[in-house]
Engineer: 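Have a look at the structure that comes next, please.
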Amino acid sequence: MEEKFTDINEVKTKIINLAATLNLPKGTEAFISDVHGNYDKYLNIIRSGAGNISRKVGELFNGRLTVPNQQKLVCLIYYPEDILKKITPDLKGNDLEQWYMDTTNQMIEVLRYVAEKYPQNIIDQSLDTKFLDISEELVFGDLRAEDKRQYYREMVKQLVKLGLADEFIISLCHAIQKLAIERIHIVGDLYDRGPHPDKVIDHLTETWQNFDFEWGNHDVLWLGSMAGSKLCMMNLIRISARYHNLKLLEDVYGIDLTSMVKFATNRYMPLPNFEPKVAWAGMTDEEKNVDNCIQQAAAIIQFKLEGQAIKRRPEFEMDDRLLLDKLSLDKRTITIDGKDYPIENGCFQTVNPASPYQITNSERVVLIDLINQFIQSNKLNEDMWFLADNGGMYLEHNDNLLFHGCIPVDQKGNLSSIAIDGKAYAGKELLDYSEYIVKDAMRHPTTADCFNSDFIWYLWEGKKSPLFGKDKMTTFEHYFINDKEAQRETPNPFFDLCDEEWFANRILREFELSTRGHIVNGHTPADENANPVMADKKVIVVNGMFDAKRSSKIGGHTLLYDSYGMRLETLKPFANKNKSIAEMSDVVMDKEIVEHSSERRTIKDTDYGKSIQKQIKYLRKFIK
Ligand SMILES: O=P(O)(O)OC[C@H]1O[C@](O)(COP(=O)(O)O)[C@@H](O)[C@@H]1O
Ligand SMILES: [Mn+2]
């Protein structure tokens, strides 16, 4: 964007500031993934700077505060609103005043330390305007200067006397949280399974300056539904019923599910294989039964729509996923690849063996009602365009390549292609094409069956989808066939080859990136992934293990990339915010150095630095 300047000195000052900025240390990037609507855990990680804050507090206070007292300070920074309420009532008179003085001074010390790598304008943006003057004085002033010591002391004293200390401390904590991470990368699967993906978007909209999304397979279900894909929408509703998150659709996105509730409770009875994956506290049996029936109704409509799509899209090569027409007449068995399996707890009452993929009139009424509501939901359009405007299928950033799933390849590591209209799409081209189709579908939403809607569904569960990365999604088998082999989903060879450095280099070169970069993925759950750091530390899998269905010894992984290098943080299992506050527990349980830079990286070494250098070159033209 070309700025207009009134006088030459303005240009020179701008050049001075830009050139100086190049020499500041590189900002800290945090990579998190698979948030799955778990807003509490997301906030716990963000408020802790993905573990960066406790590291900084340790560097500052080791030898000055005991570890438990450091822990208390760190938790106060994460949750000042809650911890202040917990601590201050037990203190009175001078003890209270002294506690506020000590805490305020410690907070200012931490803020100064976290802020020292930023220019003043960035620090100002992180400060609460209500306390801007005082904060600037205390953050930028020389607190050791003899002739100002009383000046600063009195400032803090008056804050306490005037009852502003809590607000002031909270504002300092929020500033520390914001400056602890310069950029957040959300590497997919923000949506599905958890109750509040919308709150993550609200948080980023309201408080965050730099972030980006790399879409996950679950995210495209929502993007596709808003664009009118009935296939995506039925998967989305089935999963929401499966995780008891239909309230998100009703309360946040204004989707009236009455037609689905009436249809589902009328045609289906609760079945054990449709029991909830998670049951939120306080759910009544009645509510659980309704979700059970909705999950069945959505699953059957989904299988029918998928059968229709597979037949009209031979290029998807998914005939092996046509299952309803493999049912026996009495629907008690199914024959797949010549093998008969008993059906357990089938719910095929609306399936007509003569035309198994035919949608019944009552199913059509529900479909049309719901898909029109998805297309017309303002909040859903707003949130989906937020994902689209701030994200995509992948991101090349500071020499690193970020994407959620995989780059489909064959056993030898050669790119696998998908032929669409006679053109083969593979590698970077396949991801670029996928991103184009998603955004084109969003720009032209339609409830009619169309290629865009079908292709976005393909991105959710297609054989060569870069977001799914498995040979099939065995949803049908998981519901009705009690056979591990039949339920198996075979990962794309990409996931095995990821441990080979030559392969990681090939993928980086495919995206025109230097082989000194890293590939950062999400998608593969940390408990399945033996080692999240592979290919001689070139490939890193971050998966924050946010979704409630996974209970594991660890709370997943996040990655931090700052001026000293790259660090993989192993997170503690997170139950909920109140438990974290009660235990005053930190976020991180372990860390692994992925890369240590011999010399500190500066902004000059980043993409942002490259854009600054371009700006300086442009400005120099004015002062020739
Ligand atoms: O991208 P993710 O989170 O792994 O989700 C996709 C996976 O979830 C599944 O759909 C299973 O989901 P459920 O656990 O809800 O049954 C798998 O079939 C599929 O591989
Ligand atoms: Mn995923």
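Ligands are counted one by one from 1 in listed order, and the atoms in each one are counted from 1 as well. For this chain, numbers begin at 1 and follow the sequence in order.
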Engineer: So is there a nitrogen or oxygen of Asp34 less than 3.5 Å from a nitrogen or oxygen in ligand 1?
Structural biologist: no
Engineer: Can you name the atoms of ligand 1, numbered from 1 with element, that are less than 4.0 Å from a heavy atom of Tyr243?
Structural biologist: 13 (P), 14 (O), 15 (O)
Engineer: Below 4.0 angstrom, N of the basic side chain to O of the carboxylate: do Glu317 and Lys464 qualify?
Structural biologist: yes
Engineer: For residues Asn217 and His404, determine if any side-chain heavy atom of one lies less than 4.5 Å from a side-chain heavy atom of the other.
Structural biologist: yes
Engineer: As an exercise, identify every atom of ligand 1 less than 4.0 angstrom from a heavy atom of Lys470.
Structural biologist: 19 (C), 20 (O)
Engineer: State whether a side-chain donor-acceptor pair under 3.5 Å links Asp432 with Tyr394.
Structural biologist: yes
Engineer: Could you tell me, atom by atom, which parts of ligand 1 come under 4.0 Å of a heavy atom of His523?
Structural biologist: 1 (O), 4 (O)
Engineer: Below the 3.5 angstrom mark, is there an N/O of Arg242, backbone or side chain, next to an N/O of ligand 1?
Structural biologist: yes
Engineer: Closer than 4.0 Å to some heavy atom of His36 - which atoms of ligand 1 meet that?
Structural biologist: 3 (O)
Engineer: Strictly by side chain to side chain donor-acceptor pair (under 3.5 Å), give each pair with a member in residues 226-239 just once, sequence neighbours left out.
Structural biologist: Lys230-Asp449, Asn235-Gln302, Asn235-Glu306, Asn235-Trp460, Arg238-Gln302, Arg238-Tyr479
Engineer: So, does Asn217 sit close enough to ligand 1 that a heavy atom of it is under 4.0 Å from the ligand?
Structural biologist: yes
Engineer: Quick check, are the ring centers of Phe211 and Phe386 under 6.0 angstrom apart?
Structural biologist: yes
Engineer: Does the plane of the ring in Tyr433 sit parallel, tilted or perpendicular to the ring in Phe455? Use 30° and 60° as the thresholds.
Structural biologist: perpendicular
Engineer: What atoms in ligand 1 come closer than 4.0 Å to a heavy atom of Lys277?
Structural biologist: 14 (O)
Engineer: With ring centroids as reference points, do Phe374 and Tyr253 lie under 6.0 angstrom apart?
Structural biologist: no
Engineer: Contact between His478 and ligand 1, counting heavy atoms under 4.0 Å?
Structural biologist: no
Engineer: Looking only at distance, does Thr475 have an N or O less than 3.5 Å from an N or O of ligand 1?
Structural biologist: no
Engineer: What I want to find out is whether Arg312 reaches Asp454 closely enough, with some N-O distance under 4.0 Å, to be called a salt bridge.
Structural biologist: yes
Engineer: Quick one: sort the Phe348 and Phe480 rings into parallel, tilted or perpendicular, breaks at 30° and 60°.
Structural biologist: tilted
Engineer: Is it true that His185 and Phe31 have ring centroids separated by less than 6.0 Å?
Structural biologist: yes
Engineer: Have a look at ligand 1 and work out which part of Asp189, if any, has a heavy atom under 4.0 Å from it: side chain, backbone, both or neither.
Structural biologist: side chain
Engineer: Of all the atoms in ligand 1, which lie at a distance below 4.0 Å from a heavy atom belonging to His218?
Structural biologist: 1 (O), 2 (P), 3 (O), 5 (O), 6 (C)
Engineer: Near the Mn ion (ligand 2), which protein N/O/S atoms are found at less than 2.8 Å?
Structural biologist: Asp189 OD2, Asn217 OD1, His404 NE2, His523 ND1
Engineer: For atom NZ of Lys591, decide whether the heavy atoms of other residues, nucleotides or ligands shown that lie under 6.0 angstrom number more than 12.
Structural biologist: yes
Engineer: Consider salt bridge (charged side-chain N to carboxylate O under 4.0 Å, His left out). Of Lys326, Arg321, Lys339, which one does Glu477 pass it with?
Structural biologist: Arg321
